[in-house]
Amino acid sequence: LSDGTVVVANSGTSELRFFDSDGQFVRTVGRTGGGPGEFQSENTIRALVRLPGDSLLTFDIYGQKLSRWAPNGDFVEASRLAISGRMYFWKGVFSDGTLLLALNNPAQPDIVDGSYPRRVRLVRFSASGDSIRVLMDYDEGSWHAKVQGERVMLTEPPFARQATSRAVGDRVCLALGEANEYTLFDQTGAPILISRRRTPPVPVTEEDRVRHLEDKLRSVPEERRGLI
């Protein structure tokens with residue numbers, strides 16, 4: 001913070017820990033629970049952001065809850081995302097304080113054996129959890145599904161498409177690994193800039209696939225190898 005205070009989010013214990021500018025422990029706030037100033041469960045804190053004025057914002061992914069904290073660690077308020085039944089993932093905060101969150105597989109297809117694109121929808125939210133607008137959909141990769149009774153096993157194919165997105169300042173950055181490319185978008189989802197490294201892609205050979213599968217099988221118990 002501006003006075004040198006360091007705040008650490010310990011997701012494993014559902015706590016925020018405050019240290020002064022000399023590194024001396026000051027206080028701990030937060031705990032597991034469903035009440036004000038609490039987090040839904042262990043390993044649920046997915047973001048700790050400093051806002052103007054040194055107030056803090058946390059994102060509880062399992063509770064789908066945004067909480068505000070004073071610079072000294074006092075709890076201020078909390079609000080849940082204005083959605084129903086779906087889990088959004090943290091992608092960052094814009095310079096104006098609005099949020100970028102992601103919804104995986106927005107269409108929720110019926111799953112049978114086969115391959116499916118891992119589609120991601122980027123949505124801009126207010127800091128109080130209200131949805132402002134859908135910015136874009138993109139494919140972040142793919143899944144291979146295998147249905148066994150009531151269970152669905154999802155695995156990522158080797159050498160699959162890799163993509164990631166993040167809020168950067170007042171822009172959205174979308175990076176495509178296999179193309180050595182990133183694109184900047186404004187807060188309405190309109191593209192502004194594309195940057196691409198001029199390196200020809202290296203083709204994946206059948207030998208590469210076989211070697212990858214052999215390496216993976218070595219670490220998998222024999223009774224589970226049919227799932228790969």
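Scope of the values below: all heavy atoms of this structure, side chains included, with no hydrogens, waters or symmetry mates.
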Sorted by chain and number, sequence neighbours left out, side-chain contact (heavy atoms from CB on, under 4.5 Å) with Thr188 holds for Arg133, Asp186, Ala190
side-chain contact (heavy atoms from CB on, under 4.5 Å) filter on Asp130, not counting sequence neighbours, yields Ala82, Ser126, Ser128
Connected to Leu56, directly or through other members, by ILVMFWY side-chain contacts below 4.5 Å are Leu1, Val7, Leu16, Phe18, Val26, Val29, Phe39, Ile45, Leu48, Trp69, Phe75
Please report the closest heavy-atom contact between [X] and [Y], naming both atoms and the distance.
X: Val168; Y: Cys173; result: CG2-CB, 4.1 Å
X: Gln64; Y: Tyr88; result: OE1-N, 2.8 Å
X: Gly92; Y: Ala167; result: C-CB, 3.8 Å
X: Gly53; Y: Pro71; result: O-CG, 3.7 Å
X: Ser55; Y: Arg68; result: OG-NH1, 4.2 Å
X: Ile192; Y: Phe185; result: CD1-C, 3.9 Å

Should the pair Arg50-Asp54 be classified as a salt bridge under the 4.0 Å nitrogen-to-oxygen rule? yes
_Please determine whether a side-chain nitrogen of the Lys or Arg among Arg27 and Asp74 lies less than 4.0 Å from a carboxylate oxygen of the Asp or Glu._
yes
Thr98 side-chain N/O to Phe125 backbone N/O, donor-acceptor pair under 3.5 Å
no
#### Entry: Check: Asn10 side chain, Glu15 main-chain N or O, donor-acceptor pair, under 3.5 Å
no
OG (Ser67) and CD (Glu38) are apart, to the nearest 0.5 Å, by 10.0 Å
Which of Arg121, Lys91, Arg119 passes salt bridge (Lys or Arg N to Asp or Glu O under 4.0 Å) with Glu140? Answer is Lys91
Checklist line | Path from Leu66 to Ile132 over hydrophobic side-chain contacts below 4.5 Å | finding: no
